[in-house]
Amino acid sequence: MLALADFSTRLIAWQRVHGRHDLPWQNTRDPYWIWLSEIMLQQTQVSTVIPYYARFLARFPDVNALAAAPLDDVMALWAGLGYYSRARNLHRCAQVVSEQFGGAFPQSVDELAELPGIGRSTAAAIASFAFGARATILDGNVKRVLARVFGIDGFPGEKRVENAMWTLAESLLPDAAHPDDVTAYTQGLMDLGATLCVRGKPDCVRCPFAADCVANVTGRQRELPAARPKKTVPTRKTWMLVLKDGDSVLLEKRPPTGIWGGLWSLPEAADEDALAAVAHGFGGTEELHRLAPLTHTFTHFKLDIEPRLAQARGACVQAADGETVWAPLSEIDSFGLPAPVRKLLDALQGSLI
DNA sequence: TAAGCGTGGTA
DNA sequence: TTACCAAGCTT
């Protein structure tokens, strides 16, 4: 039986030897660097984040620079990373820290968790990495490790199971630790889950808890943690308008909330006739040229996109609300576009239509 | 409380 | 090809 006090000791020792030490956001206690990485890493894998992280730090070297930037610039840099409320909250958080905290992040978990986009786990990650605070994270990695090592049944997304895991995680923290121990501990939780205790084929042979792990000892690695209950994902369909005027295409800013909130996208309609009317409204021909359809899969639904091309004949009608823009295809990279829209427009530019 | 919210990697 | 989901938060 694994004594609770042994858990952190063994994990810290393992992390120092076998953990990750050269990720771009490691080897610093700069809360801005750490905060930015933690927000980007929410529900997003390390390899996906790395290039975005580098671009953000290059453009916004500190929290005040980020706070002073137009939201549109932040969205453009975030485009492709997904979960765009993170980018809007990131910008709001930077402004709060810059204006209300004099540019210095608060150091306590409770204060951090008050900030936009920072929940309980992210607050603990920032507090432990930046300030050496004794606080536990509880992300997907930790849930998987705890479910297996301690044999916790039930879907971790369920409130009752998650609450039990928070309590357990708190009880496993190293006591009165040196800041470097806290860093190694928090990083160790993530590293163990990300490199050994992976979902598909865990490398139990190399695991420091192999002899004590309930899942390993009982051969239940595949059953723990319990899988998310299955749900059928609905399919939606939309028509998108590629309205061209010379080398420019009409973009419309999406509302700040909902899917792709705050990004620039193509005008949409619920069917082809409605799209023709939209094209006409913007000064385009009502004759629509069919483009190759594409399918985009979200976590909670599937979207079938029917793109249609129309010409604007130099009319260049500007919408009254100022939420539309004619974007030259050569400058399309400077707009924050949803991934499938970027794909569509890239293909269009390649085809020289 | 549970649903809404992206994208790309993996098996 | 389909299923699953990753350093979760917000409403």
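A quick note: this is a predicted structure, and the numbers were derived from the prediction, not measured. By convention in this document, chain letters (A, B, ...) are assigned in the order of the sequence lines, proteins followed by strands, and residues within each chain are numbered from 1.
- The distance between atom OH of Y83(A) and atom P of dG8(B), rounded to the nearest whole Å, is 13 Å.
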Atom pairs under 3.5 Å: protein N/O with N/O of nucleotides 3-5 of chain C:
| residue | atom | partner | partner atom | Å |
| --- | --- | --- | --- | --- |
| dC4(C) | OP1 | K230(A) | NZ | 2.1 |

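- The interatomic distance linking E162(A) (CD) with dT1(B) (C1') rounds to 12 Å, in whole Å.
- Between W25(A) and V49(A), the closest side-chain pair of non-hydrogen atoms falls below 4.5 Å.
- Using a 4.0 Å heavy-atom criterion, one finds that I34(A) contacts no nucleic acid atom at all.
- Taking for each of L41(A) and P116(A) the nucleotide of DNA chain C with the nearest heavy atom, the 5'-most of the two is the partner of L41(A).
- Comparing dG8(C), dT7(B), dA7(C) by their nearest atom to the side chain of P340(A) picks out dT7(B).
- Residue A339(A) is classed as a sugar-phosphate contact, given heavy-atom separations below 4.0 Å to backbone atoms only.
- Atom P of nucleotide dG6(B) and atom CZ of F301(A) are separated by 8 Å, given to the nearest angstrom.
- One can find a donor-acceptor pair under 3.5 Å joining the base of dG6(B) and the side-chain atoms of T44(A).
- Contact check on K237(A) versus D271(A) returns no salt bridge, with no Lys/Arg side-chain nitrogen under 4.0 Å from an Asp/Glu carboxylate oxygen.
- When the nearest nucleotides of DNA chain B are assigned to G157(A) and P338(A) by heavy-atom distance, the more 5′-ward of the two goes with G157(A).
- Across all strands, G140(A) comes closer than 4.0 Å only to sugar-phosphate atoms, never to a base (heavy-atom distances).
- Atom name P, nucleotides dG6(B) and dT11(C): the rounded distance is 14 Å, in whole Å.
- Panel note: side chain R254(A), backbone L263(A); no donor-acceptor pair is recorded below 3.5 Å.
- If you check the side chains of T195(A) and R206(A), you find no donor sitting under 3.5 Å from an acceptor.
- A salt bridge is absent between D181(A) and R134(A); no separation between the charged side-chain nitrogens and carboxylate oxygens falls under 4.0 Å.
- Proximity of H296(A) to the phosphate of dG6(B): no side-chain N or O atom is located under 4.0 Å from OP1 or OP2.
- Among all heavy-atom pairs drawn from D139(A) and S121(A), the shortest one is N-OG, 3.9 Å.
- Minimum atom distance to the side chain of R86(A) is reached by dG6(B), of the listed dA7(C), dG6(B), dG8(C).
- Ranking dG8(C), dC5(B), dA7(C) by closeness to the M190(A) side chain, first place goes to dA7(C).
- Considering only side-chain atoms of I259(A), the nucleotide from dG6(B), dT7(B), dG8(C) that sits closest is dG6(B).
- For residues 50-70 of chain A, the side-chain hydrogen bond (donor to acceptor under 3.5 Å, both in side chains) pairs, not counting sequence neighbours, are N64(A)-S98(A).
- Atom NZ of K159(A) is separated from atom C1' of dT11(C) by 13 Å (rounded to the nearest Å).
- Rounded to whole Å, the distance from CD on E38(A) to C1' on dA6(C) is 13 Å.
- Heavy atoms of G193(A) sit nowhere under 4.0 angstrom from any nucleic acid atom.
- Contacts of W78(A) with the nucleic acid, taken as non-hydrogen atoms under 4.0 Å apart, are absent.
- When heavy atoms are screened at a 4.0 angstrom cut-off, G80(A) is found touching the sugar-phosphate backbone but no base atom.
- Mapped onto DNA chain B by nearest heavy atom, G200(A) and W260(A) fall at different nucleotides, with W260(A) at the one closer to the 5' end.
- Residue contacts for I118(A): at a heavy-atom cut-off of 4.0 Å it reaches the sugar-phosphate backbone alone, with no base atom in range.
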- So E268(A) and L266(A), side chain to side chain contact (heavy atoms under 4.5 Å, CB included) or not? Walk me through it. CA-CA 6 Å; E268(A) 290 182 45; L266(A) 297 168; 5.6 Å; no
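- Between the P atoms of dA2(B) and dA7(C), the separation comes to 24 Å (whole Å).
- I137(A) places its CD1 atom 9 Å from the P atom of dG8(C), with the value rounded to the nearest Å.
- At the phosphate of dG8(C), neither OP1 nor OP2 sits under 4.0 Å from any side-chain N or O atom of Q42(A).
- Residue H300(A) has its side chain nearest to dG4(B) when only dG4(B), dG8(C), dT7(B) are considered.
- The aromatic ring centroids of F298(A) and W260(A) lie less than 6.0 Å from each other.
- An OP1 or OP2 oxygen of dT7(B) is reached within less than 4.0 angstrom by no side-chain nitrogen or oxygen of Y52(A).
- We find that CD1 of I39(A) is positioned 18 Å from P of dT7(B), with the value rounded to whole Å.
- Following rounding to the nearest Å, I305(A) (CD1) and dT7(B) (P) show an atom-to-atom distance of 10 Å.
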